[in-house]
Amino acid sequence: MIDVVVFFFLLGLFARLVRSELKLPEALYETLSIYLLLAIGLKGGIELSKQPLATLAPEVAALAAMGFLIPVGLYPLLRLLRLSGVDAAALGAHYGSVSVVTFAVAQTALARANLPLEAQAPLWVAVLEAPGLLAGILLARLSAARDASGPPRWGELAHDVLFGKSVLLLVGGIVIGAVAGEAGTAPIKAVFIDPFKGVLALFLLELGLVAGGRLGDVRRFGFAVLLVGIGAPLLLSGVGAATGLLLGLGTGGVAMLATLAASASYIAAPTAMRIAVPQANAALSITAALGITFPFNIVIGIPLYIELARRLHP
Amino acid sequence: MIDVVVFFFLLGLFARLVRSELKLPEALYETLSIYLLLAIGLKGGIELSKQPLATLAPEVAALAAMGFLIPVGLYPLLRLLRLSGVDAAALGAHYGSVSVVTFAVAQTALARANLPLEAQAPLWVAVLEAPGLLAGILLARLSAARDASGPPRWGELAHDVLFGKSVLLLVGGIVIGAVAGEAGTAPIKAVFIDPFKGVLALFLLELGLVAGGRLGDVRRFGFAVLLVGIGAPLLLSGVGAATGLLLGLGTGGVAMLATLAASASYIAAPTAMRIAVPQANAALSITAALGITFPFNIVIGIPLYIELARRLHP
Amino acid sequence: MIDVVVFFFLLGLFARLVRSELKLPEALYETLSIYLLLAIGLKGGIELSKQPLATLAPEVAALAAMGFLIPVGLYPLLRLLRLSGVDAAALGAHYGSVSVVTFAVAQTALARANLPLEAQAPLWVAVLEAPGLLAGILLARLSAARDASGPPRWGELAHDVLFGKSVLLLVGGIVIGAVAGEAGTAPIKAVFIDPFKGVLALFLLELGLVAGGRLGDVRRFGFAVLLVGIGAPLLLSGVGAATGLLLGLGTGGVAMLATLAASASYIAAPTAMRIAVPQANAALSITAALGITFPFNIVIGIPLYIELARRLHP
Amino acid sequence: MNTPLHTHPRTLLVIVAEAALEKPLVRDARARGVQGWTVSEVHGRFFEGEREGAWEADRTIELKLLCDRATAEALASEVLARYAPHYSVAMYFTPAEVLRPERF
Amino acid sequence: MNTPLHTHPRTLLVIVAEAALEKPLVRDARARGVQGWTVSEVHGRFFEGEREGAWEADRTIELKLLCDRATAEALASEVLARYAPHYSVAMYFTPAEVLRPERF
Amino acid sequence: MNTPLHTHPRTLLVIVAEAALEKPLVRDARARGVQGWTVSEVHGRFFEGEREGAWEADRTIELKLLCDRATAEALASEVLARYAPHYSVAMYFTPAEVLRPERF
Ligand SMILES: Nc1ncnc2c1ncn2[C@@H]1O[C@H](COP(=O)(O)O)[C@@H](O)[C@H]1O
Ligand SMILES: Nc1ncnc2c1ncn2[C@@H]1O[C@H](COP(=O)(O)O)[C@@H](O)[C@H]1O
Ligand SMILES: Nc1ncnc2c1ncn2[C@@H]1O[C@H](COP(=O)(O)O)[C@@H](O)[C@H]1O
Ligand code: NA
Ligand code: NA
Ligand code: NA
């Protein structure tokens, strides 16, 4: 049985496809995304406070490498589809980075499937945010001989990612959860833990609306974008699962890494690419990431990746 | 004892009457209205999932007819009050359509009175949204010989109502609730079910502010608007109750149909009339619907209609 | 162990200090502040409904006097620090009035410390809102010989404070809570009582961001502002505690009055001063009140004042 | 440091109206060949007017259309005839200059 | 397709100021006979200024007043004298033309 | 009732662009000596354009810079060269007059 939060996504998608004027206020969208990041972080932090801290260094290193290598690996494949160099680089960056909402949906799917997930999983999201963007920008620089906009401002970029909303709230939540622990966070449970799935449902309604708005562009970019939007996550889920097995994660962890690898960033990546690689076609990337890959993962991909993890992980 | 949510309405009314600068942000207002529609739909859907689906066709037909006939019936009465043709038509449209918040308040009043309500009641709201608007527009066309703005765009209008926020979220919520059922929706209960009354209280605070802002206009339109604002709901509650009896509903259902008939739309109707019947005096309609009828129903009407249903329905 | 809500404040502070682009939407900020005021009022009202109404008149009189006298007492001290007359008057007004969020944090701190608080405490906040502003404006008038902007519009000012957001929602909440009582408000508990601390945490995140933005100005105003921002609350907490003892309050009440006296308004006061005393340096006041005193009270002051109350109150 | 730029005169037509008119006004502008539009949410009042924004129509928009003078005038006349009798509409023209004439 | 429209010259006075001034500015405009006003919420900064928006006053508004030149000038002088010494205020005039002279 | 005010001519440069450009545009303006800026959130569309706002870039801003003509022209040329090829940018100049010449 499909998870109830996915129905909200489908409702949003439907609303947009029938051209409904339904629209969530922008402030609500921003509030929901702040909430989700904090809540995911907090929950992870509380779990971490209950157990001896695993040595995270190998995980962090492996995931950073994975995030960086995804755009590098996708680049030649995307070029085969006749994408320009900068477009291939920018699109790759979206897949090297991750989608927090996809993480949240996978988390609830794992809970429903009774597959335990490593406590530090929210940290993975934080680690995976940046390396893919970095690789994408480097690839774009290498592919574009001359560039009107001058050398990238690396310092600024690093700052924007590290102290950007996502990483800051995720890591902030983790630290608060870990320091305050289960008892210390009990008084805020009624806001940050209990309503989590309901809030996720609302957020998916909004994302259905936004993703639906992108579907119209699929026709414009044709078959290539469809191929990328479905092919890339399928391919990358294998990469993620392999990384998870290598790191010795449990079934839940393997499924989650498969999901994260397969997910494409539709917030951090578009913003970063717009500034650092303005020549790239932003609409193309966002159509693939948000119009195709995101719905695919939410509705079809996640159950698939869980199944994959189960098979790979006896 | 008056329901606590009504106190919030009175607080908002008071704040506006003493010219307080208290104001709820527009994004909050929009969020609350999206929430209420979804929550009402979901709750109805969950109830529907528990019981064999009644044959809804007769109800749908009877209610659509009722919604359509209300403006037709009100038209000559309003003309007697010396309203112009277009004004009578537009004002009638407001009463042919319904107010979702009035529904929500009636729902909680029925629960307090231990009167069970038919599971499909949220569907009634959805069905009643459009027919009254349609009738109002037709009446306005008939009454206005020539019209600068050309023939109404019926297709567009139908689309706007059917896929407008209210119907879409109500019906979307009903479908999700019915398909996912009690178990499937359990994880989002903490958002969509438990806080319902508290959120309704906040919404009523806002509506108190808005309705209070309209009260000032009552003087401008004088006695006629007062007569309409109180007389129309009293009259129409009888029509609604009769329809409910005809359909064989229980006491709760009869009271609810009385309430719905007595309630006036202050969102869908003003918007639709502004576009389709711009010659009509928008301030007049909104003063009656939101400045008088809404407060009247919330504070006095609903208990009255419940009492009426109890008497009519042994 | 530090309260979890304080961590959120520190996270906001940190985010701003590292120049993160994290920002809560303005509508959320407004919503949270409306919520807090209503919830604090409601809770107080419910408590009041459970016990015979104490004679509040002496408390009201004593607190109004305290609020009025704080700016008067601070004025010569601030002049010693070489502040201009209008600046000393305006800054004093901020300390004569109070901070609702500081009240909320103190309330949860008292609950954690198992110190009961008088049911009418939210009323204190409402009473303390205005007198300090009044005194500040009078002092400014006396100190500024000529004034381009003409005589103050006292009526308007009184109206703006009395029917301003804070007093209206606090008193509104108290009245609703008192009239509806524990049973009547039970259906809205899931919104106004249970999530209170979580919402407060979110609000503190926002205030951390805002306060952090003010810290940068500390350098501009130098040592004097630091001295005021920390010295004033320490001094005034004594005044508040003494008033509490005089009124015969319990340990919790004494600690709370110490906190309220020590807290500085950063919403009502800046707005009122901007209109009534425009010659005063707004940035100076806000830097002291929000950039220094608020964080000081949240992190260090409140535990201190509780300790003080314990020592004073055997 | 620059030689004077070559600019092209255009007219900015500003329409302040109730929000319900956004869709139809943009449609009309497009039909007359205006190549783009910009909308801001505003609030305001016409002090002495008899008409007054209704509840949902309390929202007011400011629509800016940059185009040539003839188009602006034609559009303004149309708006005056079609909407001004029943809707809140304030309009004015402002001179403007652009660099890329093909776009405006 | 249209013969040139007959338009009437007016002045648009734009005042960018801290939000606390909205009420008094509108009051002053009305007192001088301006018939309407439009406000947008904006943000911005005056780089080299010594004054700087305070916490609640961080909100900035842009007030537009369409009226005749003399009224605009009188109002601007008044604003300069009364508010500019203590408040954040930037002001400018822009030429405008209107169709319905009785309304502006 | 007033003698005519002495005003100083300036140019208002209006830039409607995707929100991602706010920071760089303000930086560029400042570098050229513009003394302040005002931004409003708007929405809009360029009908026939091939480029189109992306997801987060769907947000559009209107940046107003009041300065002398030469600065406005230099800035506009720079924006045209540097951003227009890859970003959504619409620009126009409007004449303006100010009272305090040292501030603009
Ligand atoms: N003289 C004016 N100056 C600036 N804005 C105006 C003026 N007159 C009207 N407006 C704006 O135009 C809108 C519609 O005007 P009206 O059609 O008179 O209701 C009002 O809500 C105001 O925002
Ligand atoms: N040169 C300028 N161009 C555009 N807007 C300006 C300019 N100077 C000041 N402003 C705006 O006017 C507001 C008030 O200016 P000030 O009084 O200098 O603080 C600022 O917050 C800016 O939004
Ligand atoms: N003719 C026009 N009139 C008013 N606004 C325009 C016009 N053309 C473009 N714009 C605005 O400028 C923005 C950027 O334009 P573009 O670079 O063509 O995408 C659009 O989103 C519109 O808001
Ligand atoms: Na990925
Ligand atoms: Na009705
Ligand atoms: Na105080």
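In the text below, chain A, chain B and the rest are named by the order of the sequence lines, each starting its count at 1.
- Among C:Leu169, C:Thr185, C:Val175, the residue with the largest count of heavy-atom pairs under 4.5 Å with chain B is C:Leu169.
- Only the side chain of B:Ala201 comes within contact range of chain C, with heavy atoms under 4.5 Å apart.
- The shortest heavy-atom contact between B:Phe7 and C:Val179 is CZ-CG1, 3.6 Å.
- Rounding to the nearest 0.5 angstrom, the gap separating the OG1 atom in C:Thr31 from the CG atom in B:Leu32 is 8.0 Å.
- Contact count against chain C (heavy-atom pairs under 4.5 Å) is highest for B:Val18 among B:Leu28, B:Thr108, B:Val18.
- Scanning residues 37-45 of chain C against chain B with a 4.5 Å heavy-atom cutoff picks out C:Leu38, C:Leu42, ordered by number.
- In this structure, B:Arg19 places its CZ atom where only 12 or fewer heavy-atom neighbours from other residues, nucleotides or ligands lie under 6.0 Å away.
- For C:Glu30 (side chain) and B:Leu24 (main-chain N/O), no donor-acceptor pair under 3.5 Å exists by modelled atom type.
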When you look at B:Leu11 and C:Leu168, which way does the side chain to side chain contact (heavy atoms under 4.5 Å, CB included) test go after all the steps?
CA-CA 9 Å; B:Leu11 178 59; C:Leu168 194 116; 4.3 Å; yes
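- For residues 167-186 of chain B, the set of pairs meeting the salt bridge (Lys or Arg N to Asp or Glu O under 4.0 Å) definition, not counting sequence neighbours, comprises B:Lys50-B:Glu182.
- Residues of residues 188-199 of chain C lying under 4.5 angstrom from chain B, judged on non-hydrogen atoms, are C:Ile188, C:Ala190, C:Val191, C:Phe192 in numerical order.
- Heavy-atom distances place the side chain of B:Leu205, and not its backbone, under 4.5 Å from chain C.
- Partners of B:Phe14 under the ring pair (Phe, Tyr, Trp, His ring centres under 6.0 Å) rule, at least two apart in sequence or in another chain, do not exist in this structure.
- Of the inter-residue distances, the one linking C:Phe163 atom CZ with B:Leu22 atom CG reads 12.5 Å to the nearest 0.5 angstrom.
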